[in-house]
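Counting begins at 1 with the first residue of the sequence. When a ligand or atom number is given, it counts from 1 through the structure's own listing order.
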Amino acid sequence: MTTMATPTLPTVEDLRTRALDALHAVGFHGDLGTPGEHGLQASTPITGEVLFTVPDTTAEEAERAIAEAARAFTTWRTTPAPVRGALVGRLGELLVAHKTDLAALVTLEAGKITSEALGEVQEMIDVCQFAVGLSRQLYGKTIASERPGHRLMETWHPLGVVGVITAFNFPVAVWAWNAAVALVCGDTVVWKPSELTPLTALACQALIERAARDVGAPPEVSRLIQGGREIGERLVDDPRVALLSATGSVRMGRQVGPRVAQRFGKVLLELGGNNAAIVTPSADLELAVRAIVFSAAGTAGQRCTTLRRLIVHSSIADDVVQRIAAAYRQLPVGDPFADDTLVGPLIHETAYRDMVRALEIARADGAEVIGGERRDVGDESAYYVAPTVVRMPAQTGIVHAETFAPILYVMTYETLDEAIAMNNAVPQGLSSSIFTLDMREAERFLAADGSDCGIANVNIGTSGAEIGGAFGGEKQTGGGRESGSDSWKAYMRRSTNTINYSTELPLAQGVHFG
Ligand code: NAD
């Protein structure tokens, strides 16, 4: 372990007090056990210690939660959409009032620096506002009928219970993306958060229940079940769960997708990414480097949209790498609650081991590794690392895998075609960007034979999407779309209606029958 000047971390008692203050502020007054008791061990990556034990949901309780949500659906689906929007609007107001409380819990459990944790809660507020507007804009289509005296149209109806499974790294925003949109669409929600972030989930549940009380909505429209994979499987296999929206690793998606398909349920998958940026000779390098450093090192490399591959024109590669390495040396790594910290901890020891292993493999493949050492910030059971730039001789082996850590592989290219082929040559397809001032290069990157990712940006990094657009990715990222634009359609069922207001009975395609 490399020893830098050792900043002090908060004590576990400080962290417990922060957690309790935040939980009480949002209205959670339930019981939490002491570490080691039976249940989920709510730990913090800040020190690696367990803060509390949270009761995990039993199979019977999960069954009850799904049954309650299914029952609530029978009335919620016919509640007018703008009235449903009032619930989400109230949730948004409570989130504004409790932004710092919830952000503190995100920092405690996911290790995000305060600014990013606040940003995550802001994303929840944004999606609530979006969903309130949406509650007055759910629309169908009227289509020209081929038959006289007929009207052809499409209408959209609520789907049923939406099961939401979320990952540790966006412990609150991903629930909100799903819940806010699903609730205005007339669905009810059962949420299984990551077993690594149970406290933030308790806080969100307290807020949605308060919002429901405040507007007179049935609290059963949004239920919480807590636990690991086994409790998530209850949602996967239950035929009452009409849509399963699952966010996490490709490994999880491979397990979940076929099981839901087996029962002909709907599935919305938001899985891992392996995001690249192309830097062309015309790029504004100062702007590019700032964007690259945030995308690659922010959230300690633990975003699905984290920049993991840099594809740089060979003529500027040395310059770009030097600038990034210089910026990395300046990045304060440490306590995510501290004002000046920009890189917090990795989530756990396994994440650290995965990073070490990936760097070993890269070295064996001939890479030059700059940075990446473990930082001693005063606690052996917490894992703080310096972000790493890894110059690869080619885009091979380990570069094709998503390692959830701040590793930026750098490769060079000669022609734009080659760069785009490299961008697309990984199994995942979430986010991508190009840094260029050449309009032809930018347009080519966005064209049908350009980036194959769900997100393709120009002159901004791969991470930090706005909620107004549809979010999601192709290939092994799962194909799902969430959040803005017309993503709401995934949460509703479509009905095609033909209405005959004539006195004749003409058949389609000119068919005569009797
Ligand atoms: P993970 O796959 O380990 O766990 C995600 C969730 O799935 C957890 O709640 C877990 O309990 C549950 N789960 C795992 N296996 C399951 C199964 N067989 N049945 C039911 N539930 C199951 O992921 P993680 O480590 O928490 O998060 C990091 C991963 O998530 C990365 O790969 C990241 O790219 C991805 N991610 C993707 C997006 C996106 O929008 N594309 C967003 C955030 C995170």
> Would you mind checking if Arg240 and Glu63 are paired as a salt bridge, meaning a charged N to carboxylate O distance below 4.0 Å?
yes
> Numbering the atoms of ligand 1 from 1, which are under 4.0 Å from a heavy atom of Ser194?
9 (O)
> Report, in ascending order of atom number, the atoms of ligand 1 lying under 4.0 Å from any heavy atom of Pro193.
9 (O)
> Classify the angle between the aromatic ring planes of His348 and Phe168 as parallel (below 30°), tilted (30 to 60°) or perpendicular (above 60°).
tilted
> Going by the side-chain hydrogen bond (donor to acceptor under 3.5 Å, both in side chains) test, name the single residue among Thr197, Thr200, Thr44 that passes it with Glu109.
Thr200
> If you measure every N or O of Ser249 against every N or O of ligand 1, does any of those distances drop under 3.5 Å?
yes
> Could you list which atoms of ligand 1 come closer than 4.0 Å to a heavy atom of Val256?
17 (C), 19 (N), 20 (C)
> How far is atom 5 (C) of ligand 1 from its nearest protein heavy atom, and which residue and atom is that?
Thr247 O, 3.5 Å
> Give me the residue, atom name and distance of the protein heavy atom closest to atom 35 (C) of ligand 1.
Gly248 O, 3.2 Å
> Looking only at protein heavy atoms, which one is nearest to atom 40 (O) of ligand 1, and how far off is it?
Phe471 CE2, 3.1 Å
> Under 3.5 Å between some N or O of ligand 1 and some N or O of Thr477?
no
> Any side-chain heavy atom of Leu183 sitting closer than 4.5 Å to one from Trp76?
yes
> Is there a protein heavy atom at a distance of less than 4.0 Å from atom 24 (P) of ligand 1?
yes
> Tell me: protein heavy atom nearest atom 22 (C) of ligand 1, and distance?
Met252 CG, 3.7 Å
> Name the closest protein heavy atom to atom 44 (C) of ligand 1, giving the residue it belongs to and the distance to 0.1 Å.
Asn169 OD1, 3.1 Å
> Report the distance from atom CD of Glu349 to atom OH of Tyr383, rounding to the nearest 0.5 Å.
3.5 Å
> Going by the atom numbers of ligand 1, which of them fall below 4.0 Å from some non-hydrogen atom of Arg251?
3 (O)
> Look only at interatomic distance and state if Leu271 has a nitrogen or oxygen under 3.5 Å from any nitrogen or oxygen of ligand 1.
yes
> Could you tell me, atom by atom, which parts of ligand 1 come under 4.0 Å of a heavy atom of Glu195?
8 (C), 9 (O), 10 (C), 11 (O)
> Examine Arg18 relative to Phe337 and say whether NZ or CZ is less than 6.0 Å from the centre of the six-membered ring and inside a 45° cone about the ring axis.
yes
> Pull out every atom of ligand 1 sitting under 4.0 Å from any heavy atom of Lys192, numbered as shown with elements.
8 (C), 9 (O), 10 (C), 11 (O)
> Thr477 side chain to Gly273 main-chain N or O, any donor-acceptor pair under 3.5 Å?
no
> Is the shortest distance from a Lys or Arg side-chain nitrogen in Glu233 or Arg229 to a carboxylate oxygen in the other one below 4.0 Å?
yes
> Pull out every atom of ligand 1 sitting under 4.0 Å from any heavy atom of Glu233, numbered as shown with elements.
18 (N), 19 (N), 20 (C)
> Provide, to 0.1 Å, the distance between atom 26 (O) of ligand 1 and the closest protein heavy atom, together with that atom's residue and name.
Phe168 N, 3.1 Å
> Is a side-chain donor-acceptor pair under 3.5 Å present for Ser432 with Ser451?
yes
> Let me confirm one number: the OG1-CG distance from Thr403 to Asp354, rounded to the nearest 0.5 Å.
6.5 Å
> Closest non-hydrogen protein atom to atom 32 (O) of ligand 1, residue and atom name please, with distance?
Glu402 OE1, 2.6 Å
> Between side-chain atoms of residues 117-131 and protein atoms elsewhere (two or more places apart, or another chain), which donor-acceptor pairs fall under 3.5 Å?
unit_1: Glu120; atom_1: OE1; unit_2: Lys112; atom_2: NZ; d: 2.7
unit_1: Glu120; atom_1: OE2; unit_2: Val172; atom_2: N; d: 2.9
unit_1: Glu120; atom_1: OE2; unit_2: Ala173; atom_2: N; d: 2.8
unit_1: Gln122; atom_1: OE1; unit_2: Lys99; atom_2: NZ; d: 2.8
unit_1: Gln122; atom_1: NE2; unit_2: Asp126; atom_2: OD1; d: 2.8
unit_1: Glu123; atom_1: OE2; unit_2: Trp177; atom_2: NE1; d: 3.0

> Indicate the atoms forming the closest heavy-atom contact of Ala42 with Pro198, along with that distance.
CB-CG, 3.8 Å
> What part of Gln255, side chain from CB on, backbone N/CA/C/O, both or neither, has a heavy atom under 4.0 Å from ligand 1?
side chain
> Quick test: of every protein heavy atom, which one is nearest to atom 12 (C) of ligand 1, and how far off is it to 0.1 Å?
Ile165 CG2, 3.6 Å
